[in-house]
Amino acid sequence: MFAAVRIPLFPLTAQIRHLRDLSARPAAVLDTLAAAGGKNRCRILLGNEAAGACRVVPGMTAAQAQARCPELILLPRDPGREAAAQAELLACAAEFSPDFEDTAPGVITLDAFSLPSPPAQIAGGIMDCLAARGLPVRIGFAPHPDLAGLVSQVTDSVRILPDSPGEIAKFLQPLPLRTLAPPPQLLEILHAWGLRTLGDFTRLSRQDIAARLGPPGAALWDQAAGRHQRLLRLVRPPQDFRLDLDLEEEIQTLEPLLFVLKRFLDTLCARLECAYLCAGSLKLGLFHRQSPPYEKVLRIAVPCRDAGLLFRLLQAHLESYRAPEPIAAVGLELVPLPESRQQFHLFESSLRDPNQFSATLAEAEALLGCDRAGTPRTLSSHRPDAFSLAPCEEPAPPAVALPFALGLPLRRFRPPPPILVETEAGSAGERPRAIREGPVRGALESCRGPWLSSGEWWEADTAWSHREWDARLPDGACYRLRQTGARWFLEGQYA
Amino acid sequence: MPSTDPSQPTPLRLAQLRDLLGRKYPEAHRSPAVRGRSPAAARCSAVLATENLTLRGLEGQVTEITGGETAEAAPGMGLILHHLLAQAAAAGRGLVLVDEADCFDPQSYPGALCRNLFWARCGKSGAGTREAASLATALKVADLFLRDGNLPLVILDLFQTPARELARINLGVWYRLRQRTEQNGCGLCLLSAHPTCSAAHRRFALAASFALDDLERPRDELLPELRLRVERAQPRWQPETTTAAPTRRIA
């Protein structure tokens with residue numbers, strides 16, 4: 001059973017519900033929208049019963065209507081109020097059934113098959129709901145959506161059409177042809193044939209109608225016979241994966257903020273699950289009274305909708321965040337992505353759980369600081385210890401050829417400790433002979449150098465120039481010594 | 001054939017399966033990088049594989065490499081690190097280096113070896129308060145990645161940590177890390193000057209001596225000159241690897 005809910009005289013009802021003591025007075029709506037674009041004069045779109053009693057009919061100009069009824073109140077169409085009324089109608093429908101159609105302005109159709117309540121009870125609930133909002137409705141129940149629409153069109157309040165061919169035919173036959181709102185040309189032809197009601201029309205053969213009037217005629221015949229069936233174009237609420245909360249009491253500690261975010265994540269992940277989507281990234285917004293808001297996008301390694309995992313990601317990030325002032329509002333948005341699946345080759349060994357790894361990286365960065373964890377990248381410079389840290393990503397594929405390297409790697413002392421070096425005269429100037437003060441001491445067993453390096457001499461602030469020496473102590477340890485001006489430093493140890 | 005006990009954790013069984021397939025189809029499992037290497041490099045890999053110091057050999061256990069008799073000098077620690085980085089690059093796996101003293105030098109290693117490295121700098125270059133907490137932070141970070149279990153090996157570099165600080169570490173910390181490796185199948189490789197980890201499955205003492213002229217030699221030629229003395233061997237997955245030789249020259 002389908003239920004069609006119709007607001008009678010929708011453009012007028014949508015307006016006069018906001019105007020007091022207007023329902024009893026003659027009122028009509030001017031079709032200002034149709035006249036706005038062209039040179040046509042405004043004509044009456046529809047009027048209420050009082051206006052009809054004064055012989056004001058649709059299609060009249062405003063002057064003609066007022067000549068017939070001087071008390072007539074003329075209202076221009078208000079698309080804003082009509083849209084608001086339609087939205088209230090849809091909201092009311094959503095309270096009763098998840099499956100409903102936005103059939104036309106002022107008309108919705110509900111799928112009442114899955115509802116446990118009887119039709120009369122549903123109708124009573126809908127009428128009460130809309131009456132509270134100032135919207136009178138007419139409701140028709142029928143086995144087919146279009147038939148329910150017809151029932152709601154002709155009834156004064158509520159009518160239930162049983163699912164019986166005889167009852168359906170008995171209902172349809174006396175209805176005038178214009179009830180089906182056929183195209184004007186088609187209606188003119190049918191009137192020329194002397195047909196006035198649906199019964200007159202259905203008495204003709206469908207095959208003959210189709211032969212003469214084509215598919216539109218056949219479709220109209222099906223509607224007139226009550227055979228036309230279709231699926232509802234269901235209304236689905238817009239998918240919104242963002243939640244915001246304005247806080248009465250400002251948040252000053254992490255725990256209440258995490259509590260709010262956990263609740264947000266549970267709700268948003270449930271929405272994602274209903275939509276068969278996953279979260280590709282998180283957009284976190286923390287708003288303060290005076291300070292600028294803190295907004296951060298957290299990337300998720302593999303799209304997922306696991307609230308626990310996303311929460312750990314947020315928690316790890318927030319543990320290292322310090323707000324300038326208490327938090328007055330919180331916003332969280334999940335950017336949806338379609339779910340993806342990937343099958344690795346047998347010998348391929350990628351990360352077992354990329355999302356868990358992403359959360360672990362976030363925890364490590366929170367523990368160490370963002371500038372102290374990552375993948376090292378050497379810079380294009382000869383300056384000692386020139387490197388940068390890049391964010392850690394998924395491991396690179398196996399290297400085709402391993403690179404060549406010379407000598408022992410250096411264990412670098414950061415910052416390099418100053419040392420006191422005893423030097424002796426050599427062929428290329430002074431060369432170190434012993435380390436007298438510093439973390440290591442002793443006479444040098446052997447020494448090589450100097451290795452000269454300099455760079456950025458064109459910048460006074462960042463220019464550097466070093467003399468480096470490789471030295472070996474009697475215990476077998478090899479060190480790199482650095483001479484900058486007159487000062488000596490222990491750069492590192494070869495290991 | 002390794003046991004496939006269903007009660008074992010999934011990562012452990014996966015690692016066993018990979019190990020089995022690697023032994024049964026060595027050519028298919030070996031990466032192109034390893035196949036095309038020079039004889040010296042192959043010899044280096046072979047000798048380190050004898051001690052099972054390969055990426056796969058280190059998985060699922062705690063391995064400690066100490067400086068041995070030349071604890072403070074301990075030349076060769078960097079070569080071990082280079083070897084592990086090369087293993088990871090050849091296999092396309094990631095590594096974590098928890099650098100307690102912040103002494104890793106990226107310029108000493110080719111960039112291609114560092115692509116899969118996550119370097120955690122716990123060290124002393126920050127504020128003064130950070131210095132005292134760097135050891136605790138390093139242990140926390142190592143625990144974090146071992147618990148995560150996504151990367152096969154965590155290298156904890158405590159070589160420059162003072163012995164008195166290492167002695168203060170609660171024994172429970174080491175056993176917890178050992179438990180993590182056994183549960184997740186990850187490996188923990190500990191580099192230290194002196195024996196530190198009482199819960200290590202295996203412990204090697206490193207002995208090598210290099211002259212300044214060796215700084216000009218290819219690193220692949222230096223690696224075979226490392227000597228590893230087995231001080232402890234409690235193999236977890238391959239019981240046949242422990243033999244009695246107290247000192248073994250691996251060249």
Side-chain angles (χ1 to χ4, degrees), chain A residues 346-354 356-357 359-361 363-364 367-369 372-378 384-387 389 392 394-415 440 446-448 470-473 475-478 492-495, chain B residues 11 18 28-29 31-33 36-37 41 70 72-79 81-82 86 89-94 102-103 105-125 137 140-141 144-145 148-150 209-212 214-219 222:
Chain A
L346 180 62
F347 292 116
E348 276 183 1
S349 49
S350 185
L351 299 175
R352 292 172 186 162
D353 185 351
Q356 174 63 39
F357 185 61
T360 302
L361 287 179
E363 284 185 53
L367 205 60
L368 298 165
R372 301 190 63 81
T375 300
R377 300 268 190 270
T378 51
D385 207 17
F387 69 90
L389 283 177
C392 186
E394 202 160 321
V400 177
L402 292 178
F404 180 79
L406 274 179
L408 294 170
L410 186 72
R411 296 178 68 86
R412 193 173 283 279
F413 301 137
R414 296 190 179 95
V440 292
S446 56
C447 178
R448 292 169 50 147
D470 294 332
R472 189 176 194 269
L473 290 179
D475 62 356
C478 299
Q493 179 184 1
Y494 290 105
Chain B
R18 284 206 183 102
H29 204 70
S31 72
R37 290 176 65 181
T70 57
E72 303 304 328
M77 282 290 183
L79 291 178
L81 188 55
H82 175 94
R93 309 291 300 274
D102 190 18
C103 58
D105 180 34
Q107 288 178 324
S108 295
Y109 300 87
L113 297 191
C114 297
R115 281 188 310 173
N116 292 350
L117 174 68
F118 181 80
W119 180 22
R121 306 173 64 193
C122 311
K124 305 171 181 175
S125 58
T137 307
K140 277 184 194 172
V141 173
L144 200 61
F145 280 95
D148 175 75
N150 272 295
S209 178
F210 295 102
L212 290 181
D214 293 329
L215 298 181
E216 302 295 329
R217 292 171 60 196
R219 213 168 273 181
L222 299 178

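Each chain gets a letter, A, B and so on, in the order its sequence line appears, and its residues count up from 1.
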For the CG atom of A:Leu368 and the CZ atom of B:Arg121, what is their distance to the nearest 0.5 Å? 10.0 Å
If one checks every heavy atom of A:Phe404 against chain B at 4.5 Å, the contacting part turns out to be both
Region of B:Leu212 that comes under 4.5 Å of a non-hydrogen atom in chain A: both
Using non-hydrogen atoms and a 4.5 Å limit, figure out which bit of A:Leu389 sits close to chain B: side chain, backbone, both or neither. side chain
If only side-chain N and O atoms count, and only distance matters, is there a donor-acceptor pair under 3.5 Å linking A:Tyr494 with B:Asp214? no
Among A:Thr378, A:Val440, A:Leu361, A:Thr375, residue most engaged with chain B (heavy-atom pairs, under 4.5 Å): A:Thr375
Flag the one option from B:Gly94, B:Ala120, B:Pro106 with the top tally of heavy-atom pairs under 4.5 Å to chain A. B:Pro106
Assess the residue pair A:Thr360 and B:Phe118 against the criterion (side chain to side chain contact (heavy atoms under 4.5 Å, CB included)); give the C-alpha distance rounded to whole Å, side-chain angles, the decisive distance to 0.1 Å, and a yes or no. CA-CA 12 Å; A:Thr360 302; B:Phe118 181 80; over 6 Å; no
Most heavy-atom pairs under 4.5 Å with chain A, out of B:Met77, B:Arg217, B:Lys140, belong to B:Arg217
Tell me whether A:Arg472 forms a cation-pi arrangement with B:Phe210, defined as NZ or CZ under 6.0 Å from the six-membered ring centre and within 45 degrees of its axis. no
Between A:Cys447, A:Ala373, A:Pro384, A:Gly492, which has the largest tally of heavy atom pairs under 4.5 Å with chain B? A:Ala373
Looking at side-chain heavy atoms only, is the closest gap between B:Arg219 and A:Leu408 below 4.5 Å? no
Would you mind checking which part of A:Ser446 comes under 4.5 Å of any heavy atom in chain B, side chain (CB onward), backbone (N, CA, C, O), both or neither? both
Using the rule given for salt bridge (charged side-chain N to carboxylate O under 4.0 Å, His left out), can you reason through A:Asp385 versus A:Arg412, listing the C-alpha separation, both sets of side-chain angles and the distance that settles it, and then say yes or no? CA-CA 8 Å; A:Asp385 207 17; A:Arg412 193 173 283 279; 3.6 Å; yes
Chain B contact via A:Ala359 - which portion, at a heavy-atom distance below 4.5 Å: neither
To the nearest 0.5 Å, atom CZ of A:Arg377 lies from atom CZ of A:Phe387 at 13.0 Å
